[in-house]
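Numbered from 1 within each chain, the chains take letters A, B, ... in sequence-line order. Computed from a prediction, not measured in an experiment: that's the story for all the values here. Computation of the quantities below employed the complete heavy-atom set of this structure, encompassing side-chain atoms and omitting hydrogens, waters and symmetry-equivalent molecules.
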2 protein chains.
Amino acid sequence: MVTRCEHCPLRRFHLFKPMSDSDVKAMQKFKVGELIIEAGTPVLSEGSNSPQLFTALYGMGLRYKHTSDGERQVVNFVFPGDFVGLQAGVMGEMSHSVEASSKMTLCVFNRSELWGFFKSYPERAFDLTWLSAVEEHFLGEALTSLGQRSALESLSWALLRMFMRCERIGLVQNRRMAMPFRQQDLADALGLSLVHTNKTLSKLRDQQLADWSDGHLTINDKEKLAAIAKIELDVVPVRPLM
Amino acid sequence: MVTRCEHCPLRRFHLFKPMSDSDVKAMQKFKVGELIIEAGTPVLSEGSNSPQLFTALYGMGLRYKHTSDGERQVVNFVFPGDFVGLQAGVMGEMSHSVEASSKMTLCVFNRSELWGFFKSYPERAFDLTWLSAVEEHFLGEALTSLGQRSALESLSWALLRMFMRCERIGLVQNRRMAMPFRQQDLADALGLSLVHTNKTLSKLRDQQLADWSDGHLTINDKEKLAAIAKIELDVVPVRPLM
DNA sequence: CGCACTCTTGAGGGGGCTCAATTAGAGTGG
DNA sequence: CCACTCTAATTGAGCCCCCTCAAGAGTGCG
């Protein structure tokens with residue numbers, strides 16, 4: 001049972017730029033199916049030349065790279081509405097891997113049709129570039145977080161960012177959301193050791209700022225957390241949905 | 001005296017994806033002039049909604065963000081051939097600022113024509129997306145560098161990256177190139193303190209690995225430096241030139 | 001019940017931070 | 001031509017945040 005784009009459950013959220021009817025039709029023509037995978041399954045591999053592109057529909061995952069000494073850097077997290085595989089689509093291969101952290105459903109597109117898609121639907125091509133720019137924006141922010149902030153600040157930033165992203169797509173109920181990642185994932189994202197990540201998370205819990213345990217994140221006071229993270233609360237930019 | 005795109009001095013370098021005649025004509029129609037600025041001059045400001053987009057033709061600059069506590073994070077460096085302002089073009093505003101570190105010449109494009117450009121030249125639109133993906137790739141690498149590497153490794157990585165980038169566009173002569181940045185710029189890029197950056201640069205100099213002084217960078221043994229930086233030597237990806 | 005994975009907590013050491021002072025070079029103006 | 005200023009690079013001293021090593025506890029699974 002494949003969801004048709006006109007019934008896409010994500011479209012209604014204001015996080016996404018509104019789509020015209022012709023946008024929706026274009027996507028429906030481009031979409032070739034759905035992929036359902038279990039937690040822990042790889043979606044795309046670094047260096048691979050995948051024939052497919054995806055949009056996350058349900059579930060969460062992470063993007064990561066391997067360094068030559070076997071370490072892992074988590075580049076970003078994947079939430080519903082995120083587009084996956086653009087690099088392979090235009091550059092020919094992925095510079096990072098993507099893997100599911102929970103059970104995921106992804107819309108599948110054929111990479112071979114991407115070029116025709118660009119020609120036929122310039123508005124959507126524009127949106128794809130936009131999306132890429134949003135991604136770049138986010139990485140720039142992550143870089144800043146990593147370069148300038150203490151562990152407490154970095155973790156506050158990361159948790160709050162994820163929380164606010166998920167709020168916008170209806171995944172937060174009662175100030176609580178599912179967070180299927182491991183502490184190691186967040187540590188690898190922020191360049192911290194697992195041990196120190198754990199201790200800092202305890203600190204956030206003790207101070208009642210953010211409680212991440214049992215696979216769920218609870219945030220009661222976003223203002224306080226934002227003050228520590230040194231970010232504004234109103235800055236989840238609107239982005240296109242592909 | 002404005003350079004016409006068919007005489008663009010950058011096109012001949014293999015760093016860039018070859019351009020077809022129609023590509024060149026498209027760019028010539030899109031280009032509205034050149035901007036020449038002195039070192040220290042801002043090109044684009046964070047949050048600004050610039051009416052113009054640029055491609056660096058000569059000179060170097062840097063991209064940076066300000067954090068709410070007044071610190072500065074250098075996101076990336078700008079070299080000839082880099083496209084500047086894409087974020088403003090698609091998202092409506094820049095998420096970082098760009099400023100010249102040396103005297104620069106930039107090709108100028110009108111942002112208002114970007115949308116028409118996308119419709120008229122889908123190949124070029126595709127290339128723009130590609131470029132954005134390259135940028136994302138680079139930021140991912142930077143994130144890894146910052147998150148996983150020691151100061152010595154990070155600095156080796158950064159210097160070697162810049163050196164190899166400039167080699168590809170003919171700016172290296174006799175293993176030596178102009179490097180108009182300040183130590184503070186590099187420190188802010190890598191999330192290091194100025195003091196420690198300085199001491200680590202001395203170390204690289206003592207070990208005869210990389211000598212950056214008097215505004216010039218000399219690298220004699222790329223292999224050794226690459227070993228420290230933990231990167232391969234053959235990985236400056238081909239990218240489109242806009 | 002043993003193995004694997006994740007989270008947790010303690011102890012000790014070092015890489016990179018901050019504070020502070022000096023040197024060198026480039027203007028600028030009297 | 002020299003005093004004054006400003007910016008960039010340099011070097012020393014002391015300290016702390018975060019790292020590594022190590023061990024233990026909780027949970028799910030074959």
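Side-chain atoms of A/Ser101 do not come within 3.5 Å of backbone N or O of A/Pro180 as any donor-acceptor pair.
Residue B/Gly191 is in sugar-phosphate contact alone, with no base atom involved, counting any heavy-atom pair closer than 4.0 Å across all strands shown. The residue B/Thr200 sits apart from the nucleic acid: no heavy atom pair falls under 4.0 Å.
Of the N and O atoms on the side chains of B/Glu93 and B/Asn49, not one donor lies less than 3.5 Å from an acceptor on the other residue. When only modelled atom types and interatomic distance are considered, B/Asp211 and B/Ser213 share a side-chain donor-acceptor pair under 3.5 Å. Between the side chains of A/Gln73 and A/Tyr64, no donor N or O sits under 3.5 Å from an acceptor N or O.
To the nearest angstrom, C1' of D/dC17 lies 12 Å from CD of A/Glu153. Across the protein-nucleic acid pair, A/Leu152 atom CG and D/dC18 atom P stand 9 Å apart, rounded to whole Å. Spacing between atom NZ of B/Lys203 and atom C1' of C/dG16 amounts to 10 Å, rounded to whole angstrom units. Distance A/Asp69 CG to D/dT20 C1': 15 Å, rounded to the nearest Å. Spacing between atom NE2 of B/His196 and atom P of C/dC17 amounts to 6 Å, rounded to whole angstrom units. Summarising the geometry, the separation between CG on A/Asp214 and P on C/dC5 is reported as 21 Å, rounded to the nearest angstrom. Atom CD in B/Gln148 sits roughly 14 Å away from atom P in C/dG16 (whole-Å rounding). If you take CG of A/Asp185 and P of C/dT6, they are 8 Å apart, rounded to a whole angstrom.
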Using a cut-off of 4.0 Å between protein heavy atoms and nucleotide atoms, how would you tag nucleotides 5-15 of chain D 5' to 3' with B, S and -?
-> ---SSBBBB--
I'd like a table of donor-acceptor pairs (distance under 3.5 Å, sequence neighbours excluded) in which one partner is a side-chain atom from residues 52-63 of chain A, with atom names and distances.
unit_1, atom_1, unit_2, atom_2, d
A/Thr55, OG1, A/Met242, O, 2.9
A/Arg63, NH2, A/Phe83, O, 3.2

Contacts under 3.5 angstrom, residues 134-142 of chain B side chains, donor-acceptor by atom type, not counting sequence neighbours:
unit_1, atom_1, unit_2, atom_2, d
B/Glu135, OE2, B/Asn76, ND2, 2.6
B/His137, ND1, A/Ser95, OG, 3.2
B/Glu141, OE1, B/Arg161, NE, 2.8
B/Glu141, OE1, B/Arg161, NH2, 3.2
B/Glu141, OE2, B/Arg161, NH2, 2.8

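In the helix from C/dC1-D/dG30 to C/dG30-D/dC1, the terminal helix axes, each the rotation mapping four pairs' C1' atoms onto the next four within five end pairs, subtend 30°, rounded to 10°.
The side-chain contact (heavy atoms from CB on, under 4.5 Å) search around B/Gln207 returns B/Lys203, B/Leu209, not counting sequence neighbours. In this view, B/Lys103 and B/Ile36, B/Glu38 satisfy the side-chain contact (heavy atoms from CB on, under 4.5 Å) rule, not counting sequence neighbours.
With a 4.5 Å cut-off on side-chain heavy atoms, A/Phe79 and A/Arg165 count as touching.
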